[in-house]
Amino acid sequence: MSSRSTPLASAHPTLKWPLGQSENPGIQDHFCFFAGLAPDTYRTQAWSPAVVLSPAFREQKRLGFPVLIADQGPVTSFFPVLDSALEKFPLLFEHRAFIYYLTRQALITALEMSAEDLLSSLSQKYMEGADLSQAGRSQVQQAWSQLQSNLPFRGRVLGLSEKSLRVFYQLAHQAMRSEEWQQFFGRLNSLKTDLEARLRTHHMQSQPSDQAESQLGQLANQFIQLGAVNQKVGGKRMGSIPLDEHRVQRMRTAYDSIVNFLKRYSANEVPLIWVEANREPCAEAESLLTCAMSVHADTAEQITQCFKAMRIADLELRNHYHAELHDNLFERFDRHALSPNERRLLPVTVIYASDPEISKDPALGDLLMSGAPIHLIMEQAVFPVGEYTSDQAYRAMAYREAFILEGSLADPAHLYQGLLGMQVQANPAFAVVAVPQWQSEEDPSFQVAAAVTARETVLFRYNPTNGPTFATNLDVEGNPHALKIHCPFTLPVTEPSLVCAFTFADFAAFDPELEHHFWPIPRDQWGDHQMVLDAYFEQLELGQPDKVPYIWGVDSQGELTRVLISRKMMLAARRRRHFWLSLQELSGLANAFAQKAAELARAEAESEAQQTLENLLADHKRELAQATEQASRNAYRRLAYSLVHMPEPALVSSSPALSPALAPSAPSEPKPPAPQTQATAQPAAAKPAETAPVVPSGNEEPYIDSDLCTSCNECINLNGMMFAYNGDKQATIADASAGTFAQLVQAANKCPARCIHPGTPRPDDATATPDVVAQAEPFR
Amino acid sequence: MYGLKNDWLYEPSPRAFVLEDYSGAVPRWCPGCGDHAVLTAVQKLCRDEQLKPEETVFVSGIGCSSRFPHYMKTYGFHGLHGRALPIACGVRSRRPDLNVFVSTGDGDCFSIGTAHWIHALRYNMKMVVMIFDNNIYGLTKKQTSPTTAKGKHSNTHPKGTFLSPLNPITVTLGVGNASFVAQTVDWSPPHLYATLKKAFHHPGLSFVRIMQRCPHFTAEVFKPFIEDPTQVLLMTHENGIQVEGAVSRVFSNQIVHDPSDLNQAHNIATNLDHLPIGLFYQNTEAERYDQYTINGLGFSDDQKLAGLQSELNRFSI
Ligand SMILES: Cc1ncc(C[n+]2csc(CCOP(=O)(O)OP(=O)(O)O)c2C)c(N)n1
Ligand code: SF4
Ligand code: SF4
Ligand SMILES: [Mg+2]
């Protein structure tokens, strides 16, 4: 914290409270109480934001890095995990500060390491660096090797540095995509093998025997006679369906395409294309985002060719390629035709850009709407605070198409989850990640943590694939005290301790460049016309308060002091407050409409309850009056009776107020029986006389009794155009004109199920010799 | 924009299975081979029952018919000659959640696998066992099998076989705990399908002998039955295999047979004048070994260890 050292203009004689802006037209931007003086001279003594007194707040600096990204599990701070492992080894535990130091050193050079590697490097460095006796040495050595041999944690350890975000992204990318990618490679390889096998079989079948012999050479000839084998085996085409030249050509092309792809990429490395300003291939580009989109389109097109080859191969191998259907489809096949699963395999293009680069680029909307797996990552330094935050992530959400993440290095677990979420998408994703200003004197973890607490950085994820509304898609989980407007912090300096709100102004107070927005108020100037900032906001929401807002600070003696803020600072803080309120509402955390509705419902319920209570009271009163009256009447009657009939015993009256005996309710009139409508049985509509199929004699169409077909392939092998399987894999006549009558008769003869009926020949069919027609007779 | 032309996706919704979802490699059986018919019937059964391919396994031995698992797009185990049944029993013992099918040939099951055949019947673990009986060793090209007809010329008996064939049905009916014994023919798709369907729903081991044409080596064997369907004897009963009118018209030679009547089943099976098809015998109450072998499936390693310890402790002195 830099100290504000401007000379103290204490106890200025012309001090007046309060001065509305209108009275100070020259310095409108300030809630100014030192009237008539230039703002610079208002600076008083050195002070710091009061939050530094809060132990909890100081704690939060220590959250986070280095982190352990567990193999199957969450992201946690590494040191606590390390501590619990070290506890079993008192020798090491005692020197854990030194081990922490070594860890940080190791992670400065390596950025990230596997836990195993890190531990072995730590043990080595420790042994080098520690000053130990011979005996101590061997004991420590033993402790280290024990620790290493049953490491209680596994995963990757990542330190905090300028590169953390990139490494984080890469780890998430690898974690989410590598399995899919390897499966994809497996699939490619198996297609390749199958295609090879199919083409090889074809080659063997179609090879003229003498050629094959010459290939095998004279030597082989002595042992087998390929010609003879071919005649025997090839001639009968054992089992497999022969290929025509188109199919062979298609399979070859598909095969080549798959082989090329396999050569180009590796199964173990999921491709990832980084695009940055001033770097190839977008060094010269006017618009970085447009350039990135075209880079993506190029790679996508290459992979699309491979997907196309895969589909063709798949269809061919299953004998499902139908040229008349698929040729046309595949001609038009481009990257827009990929299935969601395929799209997830397109290499991700990652754009790494700064806020100005993105703000200025007109193609942002196009990119977010492109549907392409392009990930845009923007680092946003939280220091210097600046007077206005661009809220790029929030704005990008308005397109409602891309996955949006606003994260922070302050919360590595949230960040990692978000980065994993990006990987699941086949759509564009945009991550805005708060990072510290590395050159600043403030501790980097503190910078990012304070920004989150002040709602300067709001952690959120927006996933458009979840549903149609913000309530389904927006998730603000991970923000501290998410149900509150501001995060509270407790100052133990007063009795009872003071609970304050950590507003944007409290955060901005850490930035020396903004010090001209703050003025500590000398204690003797404190008054009722000053109001702490969050209360001021509440007042402001009800109407213009005639107060000036302040935040809490501590002076150099450690005493609490009020610090007046400029109007501009107040507006900036209000902007952040409203930003958070909007997100609360959008995500469904705190919705003004819902609250109003609830209030209304509560009021209604209350008034209803009130009404019922009043009614009950009134009833009670009435009954009470009745009973009293009755009682007194009885008493009078009894008195009168006893006076008349003395000394007869007193009459015991039965109170008429008692309920009268229930009159037996009149038996309800039996209903007249419903008129029994005698349903006259409708004679079933006469079935249409079964008409025999009209077959003009001498012109019977061929047909197959498909139910009896045993799917033996005989007819299909004979003529695959004329015969085809139906959805139940049983043969039908697909196109009688695709073959001759002789073929029909041949098929009928071969059919083991005897279910092919050739009918009668068409008049123009020359193959219908009397002999053939006679053969067809038994099948009619 | 991506993903707009969804009509491009030729994959159907992944959880509604069509025939193609069960077709694996391209079958290499000869054209006209009866194995094609069984494959189609089984694929239809899988589709109609919507069996999840990942929860279905076909186990086989060695032979033409044992290539079956390759042609199904489910799990498969192409085992050793004669050993389909022990493997299937092993699968069933520890994975009772799977649908287990066995495809085995007359050579595979009745010759080298005889011991396993008998014991698997006795174990009566839930599975469908399909025996493709083409009366020959097909894959190894025409050697005598236990069901080869007397006098048939084969590579092992070039001058004709000496002995009369084994009757697998009477053998099976003779094994005490056999609980489902059926016979069908590959060339009647509806009967084949109905038999397999009944077998699939049987709670135990269902033994289905399928008379299977091998046009390559035994073309003449089943020809008479195909050409003259009256040589086939159709067993009918309300508890038997239910077939539609068309089938029962084709096989006009019929006998009403109650599948719980073991004696009559024996009689029908012994009479070789006709080829009987239908359900010989069914007993849904028979003991099942797989109900014991699944014991302890949910145990963790620790529980198993504890169980073992306590067993061993009984022997401590
Ligand atoms: C232990 C062993 N013995 C012999 C063979 C050779 N062999 C392979 S298949 C087969 C006979 C298969 O006949 P079958 O089971 O009827 O099947 P099909 O081919 O007729 O369908 C034989 C003997 C083998 N593979 N393993
Ligand atoms: S030949 Fe007959 S049984 Fe074979 S596929 Fe054709 S119609 Fe079906
Ligand atoms: S040899 Fe016989 S059993 Fe084997 S595939 Fe050919 S026809 Fe079928
Ligand atoms: Mg056989």
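Chain letters run A, B, ... following the sequence lines, proteins first, then strands; residues in each count from 1.
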Nearest non-hydrogen partners of B/Cys33 and A/Cys712, listed with the distance: O-CB, 4.3 Å
Tell me, do A/Asp728 and B/Lys44 make a side-chain contact under 4.5 Å, heavy atoms counted? yes
Test side chain to side chain contact (heavy atoms under 4.5 Å, CB included) on A/Asp707 and B/Glu244 and set out the steps. CA-CA 11 Å; A/Asp707 282 348; B/Glu244 283 166 19; 5.5 Å; no
Measuring only between side-chain heavy atoms, which start at C-beta, is A/Arg318 closer than 4.5 Å to B/Ser23? no
Quick check: are there more than 12 heavy atoms from other residues, nucleotides or ligands sitting under 6.0 Å from CZ of A/Phe779? yes
Residue among A/Leu718, A/Asn717, A/Ile716 satisfying side chain to side chain contact (heavy atoms under 4.5 Å, CB included) with B/Pro31: A/Asn717
Of the non-hydrogen atoms in A/Ser711 and B/His36, which two are nearest, and what is the gap between them? O-CB, 3.1 Å
For atom NZ of A/Lys750, is the number of surrounding heavy atoms from other residues, nucleotides or ligands below 6.0 Å larger than 12? no
Any side-chain heavy atom of B/Val26 sitting closer than 4.5 Å to one from A/Asn319? yes
CG of A/Asn713 to CH2 of B/Trp29, rounded to nearest 0.5 Å, is 10.0 Å
Can you tell me how far the CZ atom of A/Arg754 sits from the CD1 atom of B/Ile226, to the nearest 0.5 Å? 8.5 Å
Can you tell which part of B/Leu39 gets under 4.5 Å to a heavy atom of chain A, answering side chain, backbone, both or neither? side chain
Side chain, backbone, both or neither: which part of A/Cys709 has a heavy atom under 4.5 Å from chain B? backbone
Closest non-hydrogen atoms of A/Gly727 and B/Leu19, given as atom of the first, atom of the second and distance, are O-CD1, 3.1 Å
